[in-house]
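Read the structure below first, then the notes.
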Amino acid sequence: MAKLAGALFIRALLLIGSFFGQYLTIRKTSAHVRKALTDVTAETLDDVIAKLPKTDNVLVIAYIRKISVW
């Protein structure tokens, strides 16, 4: 019984850690996008896109990159 409780506790800690990591990633990406969108003009679009995170697993960043190609 003690082993099961310990295993469940460790599992709970891992789940909390993964949710917290995901939360931090969302906040970090949100800050980058917010700053980029306040600085963007037609002339500076390419510079702003270059400053965005390289990962396209965030939909907003993927859409910004698609728009810039048009």
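We count residues from 1, following the sequence as given.
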Under 3.5 Å, sequence neighbours excluded: what are the donor-acceptor pairs made by side chains of residues 8-15?
none

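If you chain together ILVMFWY residues whose side-chain heavy atoms come under 4.5 Å of each other, Ile26 ends up in a group of its own. Taking a 4.5 Å side-chain heavy-atom cut-off between Ile, Leu, Val, Met, Phe, Trp and Tyr, the cluster of Tyr23 extends to Phe20, Leu24.
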>> Show, in sequence, the C-alpha distance, side-chain angles and deciding distance for Arg34 and Thr38, and conclude whether the side-chain hydrogen bond (donor to acceptor under 3.5 Å, both in side chains) test is met.
In response: CA-CA 6 Å; Arg34 192 176 323 113; Thr38 58; over 6 Å; no
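Residues that satisfy the salt bridge (Lys or Arg N to Asp or Glu O under 4.0 Å) test with Lys35, not counting sequence neighbours, are Asp39. Qualifying side-chain contact (heavy atoms from CB on, under 4.5 Å) partners for Thr41, counting only residues two or more places apart in sequence or in other chains: Glu43, Thr44.
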